[in-house]
Amino acid sequence: MQLELLDRIRSENPVIFNISNYITVQDVANGLNSIGASPIMPSAIEEASEMLQISSGAAINMGSFRSNELPYIEKVGQLANDLNIPLVLDPVAVAMPYRQKVVTNLLDHIHFDFIRGNAGEIAALAGIKWQAKGIDAGDGSADLAEVAKKVAQRYNCTVVLSGPTDYISDGTHDTTVTHGTPLFQIHVGSGDMLSSFIAAFAAVSKNNYFEAARMACLIFATTGEIVANELVDEKPGSFIVALLDKLHLVTTKEIADQITMED
Ligand SMILES: Nc1ncnc2c1ncn2[C@@H]1O[C@H](COP(=O)(O)OP(=O)(O)OP(=O)(O)O)[C@@H](O)[C@H]1O
Ligand SMILES: Cc1ncsc1CCO
Ligand SMILES: [Mg+2]
């Protein structure tokens with residue numbers, strides 16, 4: 001278990017390029033900053049190349065794209081592939097038909113090293129029956145480990161299917177992260193933060209992308225769990241502030257202690 005990837009993010013301070021959604025962009029930027037990475041969120045196609053050349057990871061979030069931005073999104077994906085920069089896709093609400101068409105077209109032209117979504121989103125990409133609900137996971141009865149594995153094999157990448165349990169698969173290896181707190185669900189953008197964190201962990205992982213995904217999930221979920229244990233009531237506003245603070249301060253020892261306490 002490479003918890004030291006957290007220390008490596010803090011010492012290397014990798015630049016992480018993001019196409020974010022406009023709803024949660026500030027949480028994603030502050031989350032990356034808190035963990036020790038350096039976020040950048042450009043929008044002009046003319047500067048995509050120079051911005052990617054200074055980046056060590058990239059995340060594309062499909063939460064609020066406009067159709068006229070699709071050429072920019074494709075260009076960023078192609079450049080990240082050409083430059084060998086680890087690339088994460090967050091296919092927000094991809095069970096909706098128009099988004100499904102756009103995202104599957106993107107996946108046909110660009111190689112994403114990671115896909116991170118909730119159960120409704122990853123089930124939609126797997127073509128498995130599931131009652132998705134907009135940006136939320138929705139309901140269904142599929143075997144989520146199998147759903148994650150199917151998408152990983154279909155797109156030759158590492159998949160993170162997040163939720164109360166995170167299922168991680170690269171098509172060959174599978175694991176789960178069982179830490180976290182339900183408070184993540186009452187803060188819109190927790191998943192968007194996790195997707196950008198995967199890019200930051202991948203940036204310092206020396207190409208061990210399965211471990212990068214596992215450590216991003218474990219450290220994010222466990223930090224949230226530590227914060228939630230200190231909150232008296234269910235307070236979404238206080239949670240995000242305390243989470244950003246703790247992402248900056250948490251040590252690998254605290255994470256190790258929290259997971260051995262439960263495991
Ligand atoms: N009920 C829960 N208990 C524990 N952890 C949870 C729970 N629900 C979500 N999480 C954690 O929240 C984080 C975000 O995952 P989630 O599946 O909620 O993303 P999402 O649905 O894409 O969110 P959003 O659309 O708001 O960005 C993950 O780290 C996951 O482990
Ligand atoms: C609320 C919302 N709508 C599109 S994206 C988004 C944020 C969660 O990804
Ligand atoms: Mg989401």
Side-chain angles (χ1 to χ4, degrees), residues 18-32 34-35 41 59-67 69 73 88-96 98-99 102-103 114-125 130-140 144-145 147-148 151 159-168 175-201 212-229 231 234 236 239-240 242-244 246-247 250 255 258-259 262:
N18 295 269
I19 296 179
S20 295
N21 67 57
Y22 60 73
I23 300 98
T24 65
V25 59
Q26 198 173 5
D27 284 325
V28 173
N30 279 320
L32 282 169
S34 297
I35 198 100
M41 277 86 172
I60 295 182
N61 183 299
M62 299 301 285
S64 61
F65 69 90
R66 295 179 172 88
S67 47
E69 290 166 344
I73 293 172
V88 181
L89 174 69
D90 188 327
V92 182
V94 71
M96 302 302 291
Y98 174 66
R99 283 175 184 234
V102 167
V103 169
F114 303 89
I115 303 175
R116 199 294 311 167
N118 59 40
E121 292 156 352
I122 304 298
L125 292 178
W130 191 271
Q131 199 59 49
K133 184 173 169 238
I135 66 162
D136 294 331
D139 295 305
L144 295 179
V147 173
V151 175
V159 168
V160 172
L161 187 165
S162 61
T165 297
D166 298 329
Y167 297 87
I168 301 153
T175 189
T176 56
V177 168
T178 56
H179 292 270
T181 164
L183 283 172
F184 276 123
Q185 277 171 325
I186 51 174
H187 172 257
V188 171
S190 303
D192 303 330
M193 290 171 78
L194 176 58
S195 297
S196 68
F197 277 28
I198 292 169
F201 277 80
R214 186 159 81 111
M215 287 304 105
C217 290
L218 184 76
I219 290 169
F220 186 57
T222 306
T223 304
E225 187 176 290
I226 294 170
V227 167
N229 287 345
L231 282 181
E234 198 174 80
F239 174 65
I240 181 61
L243 180 65
L244 289 172
K246 196 66 185 173
L247 286 168
V250 75
I255 301 280
Q258 181 73 15
I259 59 184
E262 282 195 13

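In listed order, ligands and their atoms are each counted from 1. Please read these numbers as outputs of a predicted model, since none were measured by experiment. Both backbone and side-chain heavy atoms feed into the values below; hydrogens, waters and symmetry mates do not. Along the sequence shown, the residues carry numbers beginning at 1.
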*Look only at interatomic distance and state if Gly191 has a nitrogen or oxygen under 3.5 Å from any nitrogen or oxygen of ligand 1.*
yes
key: Close N or O approach (Glu121, ligand 1; < 3.5 Å)   = no
dist Met41:CE -> Asn18:CG (nearest 0.5 Å) comes out at 4.0 Å
Rounded to the nearest 0.5 Å, the SG atom of Cys217 sits from the CD1 atom of Ile198 at a distance of 5.0 Å
Closest protein heavy atom (residue, atom, distance) for [atom]:
atom	answer
atom 1 (N) of ligand 1	Gln185 OE1, 3.3 Å
atom 29 (O) of ligand 1	Phe220 CD2, 3.4 Å
atom 11 (C) of ligand 1	Phe184 CD1, 3.5 Å
atom 17 (O) of ligand 1	Ser162 OG, 2.8 Å
atom 25 (O) of ligand 1	Ile135 O, 3.9 Å
atom 1 (C) of ligand 2	Ile135 CD1, 3.7 Å
atom 6 (C) of ligand 2	Ile23 CD1, 3.8 Å
atom 8 (C) of ligand 2	Asp192 OD2, 3.5 Å
atom 2 (C) of ligand 1	Pro164 CA, 3.5 Å
atom 31 (O) of ligand 1	Asp166 OD1, 2.8 Å
atom 4 (C) of ligand 2	Gly63 O, 3.2 Å
atom 5 (N) of ligand 1	Thr181 N, 3.3 Å

Under 3.5 Å, side-chain donor or acceptor atoms of residues 182-191 against the rest of the protein: list the pairs with distances, not counting sequence neighbours.
{"from": "His187", "atom 1": "NE2", "to": "Asp27", "atom 2": "OD2", "distance (Å)": "3.0"}
{"from": "Ser190", "atom 1": "OG", "to": "Phe184", "atom 2": "O", "distance (Å)": "2.7"}
{"from": "Ser190", "atom 1": "OG", "to": "His187", "atom 2": "O", "distance (Å)": "3.0"}

Checking [X] side chain against [Y] main chain: does a donor-acceptor pair fall under 3.5 Å?
X	Y	answer
Ser64	Tyr22	yes
Arg116	Pro91	no
Arg99	Val92	yes
Thr222	Ile219	no
Asn118	Ile135	yes
Trp130	Glu121	no

Give the contacting part of [X] toward ligand 1: side chain, backbone, both or neither, where contact means a heavy-atom distance below 4.0 Å.
X	answer
Arg116	side chain
Asp192	both
Asp136	neither

Interfacing atoms of ligand 1 (cut-off 4.0 Å, heavy-atom, [X]):
X	answer
Asn118	17 (O), 20 (P), 21 (O), 22 (O)
Leu194	28 (C), 29 (O)
Val188	26 (O)

Run the contact test for Cys217 against ligand 1 with a 4.0 Å cut-off on heavy atoms, strictly below, and give the result. no
- Minimum heavy-atom distance Ile255-Thr223, with the two atoms named: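 Result for this residue pair: CD1-OG1, 3.6 Å.
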Just by distance, no angles: are the side chains of Asp90 and Ser195 close enough, under 3.5 Å, to form a donor-acceptor pair?
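Yes, a side-chain donor-acceptor pair sits under 3.5 Å.
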Exercise. So, Thr24 and Asp192: side-chain donor and acceptor under 3.5 Å apart, yes or no?
Worked result: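 Their side chains do contain a donor-acceptor pair, which is all the 3.5 Å distance test asks for.
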Nearest non-hydrogen contact to atom 6 (C) of ligand 1 from the set Gly180, Gly134, Gly163 belongs to Gly163
Distance-only N or O hit between ligand 2 and Ser64, under 3.5 Å: no
If you count heavy atoms of other groups shown closer than 6.0 angstrom to CD of Glu69, is the number above 12?
yes
> More than 12 heavy atoms of other residues, nucleotides or ligands under 6.0 Å from CE of Met96: is that the case?
Replying inline: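 No, not enclosed.
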Per-atom filter on ligand 2: closer than 4.0 angstrom to a heavy atom of Asn21 are 5 (S), 7 (C), 9 (O)
Any heavy atom of Val188 under 4.0 Å from ligand 2? The part involved is side chain
Sorted by chain and number, sequence neighbours left out, ring pair (Phe, Tyr, Trp, His ring centres under 6.0 Å) with Phe201 holds for none
